[in-house]
There are 2 protein chains.
Amino acid sequence: MIVDDEEKIRILLRDFLEREGYRVLEAPDGKQALEMFQKYENDIDLVLLDVMLPEFDGWTVCREIRKVSQVPIIMLTARSEDFDEVHGFEIGADDYVKKPVKPTALIARINAFFRRLERGKGENNVLSFDGIEIDDASHVVRVDGNEISLSPKEYSLLLILVENRGKIVSREQLLNQVWGYDYYGGLRTVDTHINRLRIKLGKKADAIATIRGFGYRFEG
Amino acid sequence: MIVDDEEKIRILLRDFLEREGYRVLEAPDGKQALEMFQKYENDIDLVLLDVMLPEFDGWTVCREIRKVSQVPIIMLTARSEDFDEVHGFEIGADDYVKKPVKPTALIARINAFFRRLERGKGENNVLSFDGIEIDDASHVVRVDGNEISLSPKEYSLLLILVENRGKIVSREQLLNQVWGYDYYGGLRTVDTHINRLRIKLGKKADAIATIRGFGYRFEG
DNA sequence: ATTTTTGTTAAAAAATTGTGAACATCGCAA
DNA sequence: TTGCGATGTTCACAATTTTTTAACAAAAAT
């Protein structure tokens, strides 16, 4: 998403970005930017954000977005002096580029950015709640720091429950997600695996709550 | 990260560095430098550090950073006389440059620095975990100090597992990386080679963990 | 020509999984 | 308070899946 009040700049950047294979959304001011972000949040992978904007300035937009999302934000500043770097990074900007923007330089920076992001991805995928840690890269599950060994079904079950922590997941949903949509088998099977999982979770067994008549829920 | 109280110098250096493709953080005094370092430690590859600073002087900043990090530090000194070389290197500075700084000279020095670092990387390519050493230059593998002889496939297998230590590597991934993307053959082949590798690893066999249903994982 | 490495197969071993039945618990209505 | 049906838990065991191991022959390297 490009946020800039000058149409010329938006068009310039959009053309370059689209030529690079990116898809672009545009907003001319802070207000519309926030509305658009709310609407298309899941489709937006990067925000190019001018500092000088009508309605809300770039800092405000950046802060607001940061309240709800960790999307990468690159700030565009009119003159380098305008950018208080410490301030910028503190409110959550990921990088900044000085105007006048040289599209080639910007593209290089954006590409580099995604590269870096890609590399960083694999690193730190640890879900952790209430003494239960799940590292998806290694499939290591720890209870109070001690590694426990789960079977594939048990692991998937736990993962889905944790991903939906706080929400009830029905036996049907669990069957669909762990066993697959085409699986034909009894619902009691889920109970059995929940049971085995609880046993392995030891004293943390009641992190998985039974919601009678509905399913199970992980208590985050 | 550039640490200097004179804004003009910071801007001068930053512009030159950015033109060279480096990304720059700035701090105007010792206190902010340390705060920033704490916050962005993982993003900082090099510190340019003025000796004369408000709040804490350069020596102090250098010492503090050294307590937590081995990041390269280049000190900037107003006049060469100010730099007590022995003292400087003793507290952990890696190099020093005399002011007035000629940006081109500094850039050359920095580039050289990273080159040296890069080359240094290539030299000492011994991966070592849990009593298993792998010297990629010579292809020598040692278990508890005793050299063992691995076949090419076994070696590649071990290397890839170790490079991804802590993460699960699936049989498909191993086939792709060891045998090549175009290889058509059974997955069981991987098992067989893992088996042979384990036998040669002797008592360290269980450094390669089986993650049933998913693949193998080297326990770093 | 000999040795080493490699891929495949099949049997053995190990771990996981599904099922049904017994048992426990809950909510509700008598 | 009790009894009942519905729902959830637990258990044992057989079936299945997956991994390990061994054996063997082809291919490659020495």
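Lettering of chains follows the sequences in order, A, B, ..., and the numbering in each one begins at 1.
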task = Whole angstrom is fine here: how far is it from CG in L187(B) over to P in dT17(D)?
result = 16 Å

key: Length of the CG-C1' vector between D191(B) and dA11(C), whole Å   = 15 Å

task = Look at the side chain of D50(A) and the backbone N and O of L53(A), then say whether any donor-acceptor pair between them is shorter than 3.5 Å.
result = no

inquiry  = Taking donor-acceptor contacts at under 3.5 Å, does the side chain of R212(A) reach the base of dT7(D)?
reply    = yes

key: Along DNA chain C (nearest heavy atom to each residue), the more 5'-positioned of G185(B) and S149(B)   = S149(B)

Nearest-Å distance for atom pair CG/P, residues L150(B) and dT5(C) = 9 Å

request  = Examine distances only and state if a side-chain atom of N164(B) and a backbone atom of I160(B) form a donor-acceptor pair shorter than 3.5 Å.
outcome  = yes

query = When you check the phosphate oxygens OP1 and OP2 of dT21(D), does a side-chain N or O of T192(B) lie under 4.0 Å from one of them?
reply = no

ask   = Atom CG of L174(B) to atom P of dG7(C): distance rounded to whole Å?
value = 13 Å

inquiry  = Does dT21(D) have OP1 or OP2 under 4.0 Å away from a side-chain N or O of N195(B)?
reply    = yes

Residue pair V178(B) / L175(B), side-chain heavy-atom distance below 4.5 Å = no

inquiry  = Closer than 4.0 angstrom, basic N to acidic O: yes or no for E219(A) and R217(A)?
reply    = yes

key: T189(B) side-chain N/O to dT8(C) phosphate OP1/OP2 under 4.0 Å   = yes

inquiry  = Can you tell me how the ring of F129(B) sits relative to the ring of F218(B), calling it parallel under 30°, perpendicular over 60° and tilted otherwise?
reply    = perpendicular

For atom CZ of R217(A) and atom C1' of dG8(D), their distance in whole Å = 16 Å

request  = Report the distance from atom CG of L197(A) to atom P of dT16(C), rounded to the nearest whole Å.
outcome  = 13 Å

note = If each end axis of the helix from dA1(C)-dT30(D) to dA30(C)-dT1(D) is fitted on five C1' pair positions, the angle between them, to 10 degrees, is 30°

ask   = Does the side chain of R66(A) reach to within under 4.5 Å of the side chain of V71(A), using non-hydrogen atoms?
value = yes

inquiry  = Go nucleotide by nucleotide along DNA chain D from the 5' end; which of R171(B) and G213(A) gets its closest nucleotide reached first?
reply    = G213(A)

ask   = Would you say a side-chain N or O of T210(B) is under 4.0 Å from OP1 or OP2 of dT18(D)?
value = no

Residue-phosphate contact under 4.0 Å: Y216(B) side-chain N/O, dT20(D) OP1/OP2 = yes

remark   = Of I194(B) and R196(A), the one whose closest nucleotide on DNA chain D sits nearer the 5' end is R196(A)

message = Taking atom CZ as the centre, does F214(A) end up with more than 12 heavy-atom neighbours from other residues, nucleotides or ligands that are less than 6.0 angstrom away?
response = no

ask   = Can you tell me how far C1' of dC26(C) sits from CZ of F214(A), to the nearest Å?
value = 14 Å

inquiry  = Can you tell me if R188(A) touches the phosphate of dA21(C), counting only side-chain N or O atoms and a distance under 4.0 Å to OP1 or OP2?
reply    = no

inquiry  = Please determine whether the number of non-hydrogen atoms from other residues, nucleotides or ligands lying under 6.0 Å from atom CZ of R19(A) exceeds 12.
reply    = yes

query = With respect to the phosphate group of dG7(C), does any side-chain polar atom (N or O) of W179(B) fall under 4.0 Å of OP1 or OP2?
reply = yes

task = Starting at atom NZ of K153(B), determine the distance to atom P of dA26(D), rounded to an integer number of angstrom.
result = 19 Å

R198(A) (side chain) and dG8(D) (base): donor-acceptor pair under 3.5 Å = no

